[in-house]
**Student:** 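Handing you a structure now.
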Amino acid sequence: MAPTKAPDSSRRSDRSRRAIHDAALALVTEVGYRRTTIEGIAARAGVGKQTIYRWWPSKAAVLMDAFLDLAGRAAEAAGAAPGETAPGIPDTGDLAADLKLVLRATVDEMNDPALEAPTRALTAEGIVDAKLGAEFVHKLLDPQLALYVTRLRAAQEAGDVRADVDPRIALELLIGPLMHRWLLRTLPLTHAYADEIVDYAVGGLAPRK
């Protein structure tokens, strides 16, 4: 009699985690963060509540992990290395062109329905939940902002950006307008708008003649 092959527990765990991630993202998209519950996530994923609590201490932890996994998959599809939350900013020697490429990709992500709803939900909840907001910044935003700092410092070394410019403040000239328009829905978020932001920002950062 042929030996029975033992179940692969690691594969089963991976499937369960992915099902939980997908369920959490679907629910936060459909009903919002506040109305999403551990019970609802478990029912949608087809697992028991205790399975979720064995891996995560809270609803916020589940959703954060699910969103980071989603962002990581989107980043890898865009060319990031495995484990990175965003692809690196290219350095072709043309700062404006490099930034336009990245900001256009950011616009596409912000307009992607699969990312938009959970991003809005977590962003909004992070405003009132300081702990969740800090985790969102630390795990997702800071690694992305660090890429801008690296590229702007390289531009400083090349003489394309003034030496007295603080890269951490300068990057907010690029990201801030996008977030403002996206969060408040004041006007459409487009590639043309991203290009204009870069032109305005780079013109202000360039060495004075």
Side-chain angles (χ1 to χ4, degrees), residues 14-15 17-36 40-41 44-45 56 59-90 96-129 132-133 135-148 151 171-199 201:
D14 286 342
R15 286 195 299 270
R17 283 179 182 271
R18 179 54 57 85
I20 292 166
H21 284 167
D22 291 345
L25 293 168
L27 283 172
V28 81
T29 297
E30 293 168 12
V31 303
Y33 177 85
R34 291 184 180 276
R35 294 177 62 190
T36 296
I41 295 170
R44 176 70 69 94
W56 297 280
K59 173 182 76 173
V62 177
L63 289 168
M64 181 61 66
D65 200 23
F67 186 79
L68 290 171
D69 179 61
L70 176 66
R73 282 183 276 158
E76 286 186 28
E84 290 185 347
T85 55
I89 296 177
D98 294 342
L99 291 175
K100 286 178 181 178
L101 181 68
V102 173
L103 257 65
R104 284 183 171 214
T106 302
V107 165
D108 290 341
E109 288 183 3
M110 288 177 157
N111 288 330
D112 183 347
L115 288 167
E116 182 179 15
T119 304
R120 284 189 183 279
L122 286 171
T123 300
E125 189 62 23
I127 293 172
V128 296
D129 183 337
L132 180 66
E135 187 176 7
F136 189 79
V137 170
H138 174 67
K139 291 185 175 180
L140 184 71
L141 292 184
D142 280 347
Q144 295 178 344
L145 298 182
L147 301 176
Y148 284 88
R151 182 64 186 88
L171 69 85
E172 293 179 1
L173 301 176
L174 300 161
I175 301 300
L178 286 184
M179 289 300 297
H180 179 273
R181 183 173 284 202
W182 178 77
L183 280 172
L184 300 182
R185 296 187 173 96
T186 53
L187 289 168
L189 198 59
T190 64
H191 286 180
Y193 178 60
D195 289 350
E196 286 189 281
I197 289 173
V198 172
D199 288 338

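Predicted, not measured: the structure shown is a model, and the values here were computed from it.
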**Student:** So, for Gly126 and Leu132, which heavy atoms are closest and what is the spacing to 0.1 Å?
**Tutor:** N-CD2, 4.3 Å
**Student:** Indicate yes or no: at least one non-hydrogen side-chain atom of Tyr148 is less than 4.5 angstrom from one of Leu99.
**Tutor:** yes
**Student:** With a 4.5 Å heavy-atom cut-off, do Met110 and Met179 have their side chains touching?
**Tutor:**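 Yes - at least one pair of side-chain heavy atoms lies under 4.5 Å apart.
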**Student:** For the atom pair OG1 (Thr119) and CG (Leu70), what is the distance rounded to the nearest 0.5 Å?
**Tutor:** 7.5 Å
**Student:** Which distance, rounded to the nearest 0.5 Å, do you find between the CG of Leu178 and the CG of Leu183?
**Tutor:**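 It is 10.5 Å, given to the nearest 0.5 Å.
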**Student:** Looking at CD1 of Ile197 and CG of Leu173, how far apart are the two atoms once the value is rounded to the nearest 0.5 Å?
**Tutor:** 10.0 Å
**Student:** Work out which heavy atom in Trp56 is nearest to a heavy atom in His21; give both atom names and the distance.
**Tutor:**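 Closest approach of Trp56 to His21, heavy atoms only: CZ2-NE2, 3.7 Å.
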**Student:** How far does NZ of Lys139 sit from CG of Asp65, to the nearest 0.5 angstrom?
**Tutor:** 7.0 Å
**Student:** May I ask you to decide if Trp182's main-chain N or O and Arg120's side chain share a donor-acceptor pair within less than 3.5 Å?
**Tutor:**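 Yes; at least one donor-acceptor contact below 3.5 Å.
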**Student:** Got Asp108 and His191 here, is their nearest side-chain heavy-atom distance under 4.5 Å?
**Tutor:** yes
**Student:** Would you check, one step at a time, whether the test side-chain contact (heavy atoms from CB on, under 4.5 Å) holds for Met64 with Leu140?
**Tutor:** CA-CA 9 Å; Met64 181 61 66; Leu140 184 71; 5.8 Å; no
**Student:** Check Pro90 against Val102 and note the closest heavy-atom contact, atom names and distance.
**Tutor:**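 So the two residues come closest at CD-CG2, 3.9 Å.
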**Student:** Determine whether Arg18 and Asp69 make a side-chain contact, defined as any pair of heavy atoms from C-beta on separated by less than 4.5 Å.
**Tutor:**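 A side-chain contact under 4.5 Å exists here.
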**Student:** Any idea which heavy atoms bring Leu187 and Arg181 closest together, and the distance?
**Tutor:** O-CG, 3.0 Å
**Student:** Working to the nearest 0.5 Å, report the span between CG of Asp98 and CD1 of Ile89.
**Tutor:**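 If I round to the nearest 0.5 Å, the distance is 8.5 Å.
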**Student:** Measure from the side-chain N and O atoms of Lys100 to the backbone N and O of Val198, and report whether any donor-acceptor pair falls under 3.5 Å.
**Tutor:** no
**Student:** Should the pair Arg44-Asp22 be classified as a salt bridge under the 4.0 Å nitrogen-to-oxygen rule?
**Tutor:** no
**Student:** Are Val128 and Arg34 side-chain neighbours, meaning at least one heavy-atom pair lies under 4.5 Å?
**Tutor:** yes
**Student:** Under a 3.5 Å distance rule, please check whether Asn111 uses its side chain to pair with a backbone N or O of Leu189 as donor and acceptor.
**Tutor:**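 Yes: the side chain of Asn111 pairs with the backbone of Leu189.
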**Student:** Do you know the tightest heavy-atom contact between Val137 and Pro143?
**Tutor:**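 Nearest pair, atom of Val137 first, then Pro143: O-CD, 4.3 Å.
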**Student:** Which value, rounded to the nearest 0.5 Å, describes the distance between Leu101 atom CG and Thr106 atom OG1?
**Tutor:** 9.5 Å
**Student:** Determine the minimum heavy-atom distance between Thr29 and Pro118, stating which atoms define it.
**Tutor:**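 That closest heavy-atom pairing would be OG1-CD, 3.6 Å.
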